[in-house]
Amino acid sequence: MTAPSSSPVPAARPWLGIALVLGSATAWSYGGAIQRYIGLDDGWAIVFWRCLFGGLFLLSFMLVRDRLAGTIRLFGAMGWPGLMIAIGFAAVSTCFVLAVSMTPVANVVLFMAAIPLFAALLARVLLGEPITAVTWGAIATVIVGVAIMVSASIGEGGSLVGLALAASIPVIFACMTVLTRRHPEIRMTPAASMGCFIASAIAATQTASFAVSLPDLALLFAFGALNLGLGMAMYVTGARMIPSALAALLGTAEMILAPVWMVLLHDEVPSFRTMIGGGIVLVALFTYLIGHMRRELGPRVPTAS
């Protein structure tokens with residue numbers, strides 16, 4: 001889950017930022033593996049507990065970092081753009097859980113790899129931002145890769161609903177990314193926390209039962225607090241210390257690690273066509289992000305020390 005972010009605040013500790021963003025990608029990468037261990041059949045119940053724990057973790061994080069007065073100010077300053085981001089987080093969190101329950105984890109996370117390219121395309125349409133030839137080529141390549149992945153899933157009897165939910169995640173995230181570019185003052189932590197509580201409240205109206213065993217409750221706590229919440233806390237802290245394109249590039253570790261966890265822990269091996277399509281998507285994404293990072297950093301002029 002690559003969170004949208006506004007322009008980073010320069011810091012004197014870039015290696016700490018790199019470590020935190022890599023840590024967030026690692027935390028997010030084992031979400032699907034955790035969900036596979038949970039014994040609940042009701043996806044809405046999983047959404048309820050995961051988002052409840054995730055929201056509480058992020059709220060606690062803000063209270064420690066910003067104290068009570070600062071946390072209240074952060075929520076009060078959200079405005080309608082922050083509320084829209086919160087709704088986006090709620091939708092993405094819900095779609096992820098429901099999609100993973102219907103389709104292989106590799107399909108979900110590899111769809112998510114296309115988020116930066118969807119965002120670039122949407123920014124062109126809504127904000128008039130130019131798109132380079134390299135970006136157009138990466139977008140076309142991603143379309144080919146996704147088509148191969150989808151054909152593999154359909155050929156294996158995969159759920160069309162699960163694929164649709166997985167495909168909706170990068171679209172929603174792209175909208176959130178463009179909104180943060182238009183309103184760079186948006187703070188992600190209160191928006192993500194509120195989004196978790198919104199998703200939990202909606203799931204509460206859809207689930208048939210809140211009953212859960214103690215082992216499953218422990219897994220749900222890890223799924224919400226240590227996967228969703230901790231990952232977000234590390235990302236929003238680390239992404240402000242490094243260039244945004246570098247943060248996005250490091251975030252792709254999630255897409256690489258997630259299928260590895262599934263193979264090691266659940267013997268869920270992606271099909272050959274899924275690996276081929278996913279590899280095409282990742283190559284296109286790396287090409288785009290590396291080019292974007294070079295443009296963002298710009299030429300370095302040597303200075304005398």
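Heavy atoms only: backbone and side chains are in, while hydrogens, waters and symmetry mates are out. Treat the numbers as computed from the prediction; the structure is a model and nothing was measured. The first residue of the sequence shown is numbered 1, and numbering continues consecutively from there.
The backbone N or O of A166 lies less than 3.5 Å from no partner atom in the side chain of N107, so there is not a single donor-acceptor pair. A donor-acceptor contact shorter than 3.5 Å is absent between the side chain of S200 and the backbone of C196. Looking at T180, its side chain does come within 3.5 Å of a backbone N or O of T177 through a donor-acceptor pair. Judged by distance alone, the side chain of T207 and the main-chain N or O of A204 form no donor-acceptor pair under 3.5 Å. No side-chain donor-acceptor contact under 3.5 Å links S193 to the backbone of T189. The backbone N or O of M62 lies less than 3.5 Å from a partner atom in the side chain of T71, making a donor-acceptor pair. For T103 (side chain) and A99 (main-chain N/O), no donor-acceptor pair under 3.5 Å exists by modelled atom type.
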Derivation of the side-chain contact (heavy atoms from CB on, under 4.5 Å) call for C175 and L122
CA-CA 7 Å; C175 294; L122 196 60; 3.6 Å; yes
For the pair M78 and I85, evaluate side-chain contact (heavy atoms from CB on, under 4.5 Å) and give the outcome as yes or no after the intermediate values.
CA-CA 9 Å; M78 285 178 58; I85 293 294; over 6 Å; no
Please lay out, stage by stage, how D42 and Q206 fare under the test side-chain contact (heavy atoms from CB on, under 4.5 Å).
CA-CA 10 Å; D42 186 355; Q206 302 299 312; over 6 Å; no
Apply the test side-chain contact (heavy atoms from CB on, under 4.5 Å) to residues I242 and I18: give CA-CA distance (whole Å), side-chain angles for both, the deciding distance (0.1 Å), then the verdict.
CA-CA 7 Å; I242 58 178; I18 290 172; 4.0 Å; yes
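Counting heavy atoms from C-beta on, the side chains of F96 and M112 come closer than 4.5 Å. Taking 4.5 Å as the limit, some side-chain heavy atom of H266 sits within range of a side-chain heavy atom of Y37. L58 places none of its side-chain heavy atoms less than 4.5 Å from the side chain of F197. Contact check for V97 versus F223: side-chain heavy atoms found under the 4.5 Å cut-off. Proximity of M241 to V21: side-chain heavy atoms (C-beta onward) are nowhere separated by under 4.5 Å. Counting heavy atoms from C-beta on, the side chains of F57 and L228 never come closer than 4.5 Å. Between L257 and W261 the shortest side-chain heavy-atom distance falls below 4.5 Å. Between T94 and W44 the shortest side-chain heavy-atom distance falls below 4.5 Å.
Below 30°, between 30° and 60°, or above 60°: for Y235 and W28 the angle between ring planes is between 30° and 60°, a tilted geometry. A perpendicular orientation is assigned to the rings of W80 and H183, their planes being inclined by more than 60° (bins at 30° and 60°).
Legend: salt bridge (Lys or Arg N to Asp or Glu O under 4.0 Å) pairs involving residues 19-40, not counting sequence neighbours, sorted by first then second residue: R36-E268. Legend: ring pair (Phe, Tyr, Trp, His ring centres under 6.0 Å) pairs involving residues 100-133, not counting sequence neighbours: none detected.
For the pair S24 and G231, the tightest heavy-atom approach, listed with the atom from each and the gap, is CB-O, 3.1 Å. Counting all heavy atoms, side chain and backbone alike, L265 lies closest to A33 at CD1-CB, 4.0 Å. Closest of all the heavy-atom pairs between A91 and I172 is CB-CD1, 3.8 Å. Between V105 and A258, the shortest heavy-atom distance links the atoms CG1-CB, 4.4 Å. Among all heavy-atom pairs drawn from S168 and L165, the shortest one is OG-O, 2.6 Å. Residues A253 and A25 approach most closely at CB-CB, 4.0 Å, considering heavy atoms.
Within the model, atoms CD1 of I46 and CG of D41 stand 8.0 Å from one another, a figure rounded to the nearest 0.5 Å. Atoms CZ and CD1, on R273 and I148 in that order, are 9.0 Å from each other to the nearest 0.5 Å. Atom OG1 of T237 and atom CG of L20 lie 6.0 Å apart (nearest 0.5 Å). Distance check: M275 CE to I280 CD1 gives 12.5 Å after rounding to the nearest 0.5 Å. Here the straight-line distance linking atom CZ of F48 with atom CZ of F210 works out to 5.0 Å at 0.5 Å rounding. A distance of 11.5 Å separates CG in D66 from CD1 in I72, rounded to the nearest 0.5 Å.
T132 meets the side chain to side chain donor-acceptor pair (under 3.5 Å) test with T135; sequence neighbours excluded.
V269 and F272 are members of different hydrophobic clusters when ILVMFWY side chains are connected at heavy-atom separations under 4.5 Å. One hydrophobic cluster, built from ILVMFWY side chains closer than 4.5 Å, holds both I202 and F89. A single hydrophobic cluster is seen to contain both L282 and L250, as judged by linkage of ILVMFWY side chains at heavy-atom distances under 4.5 Å, directly or through other members. The same ILVMFWY cluster, assembled from side-chain heavy atoms under 4.5 Å apart, contains both I143 and L117. Each of I276 and V263 belongs to its own hydrophobic cluster when Ile, Leu, Val, Met, Phe, Trp and Tyr are linked at side-chain heavy-atom distances under 4.5 angstrom.
Remark: L264 CG is packed, more than 12 non-hydrogen atoms of other residues, nucleotides or ligands lying under 6.0 Å away. By the neighbour-count criterion of 12 heavy atoms within 6.0 Å, atom CZ of R182 is sparsely surrounded, having that number or fewer from other residues, nucleotides or ligands.
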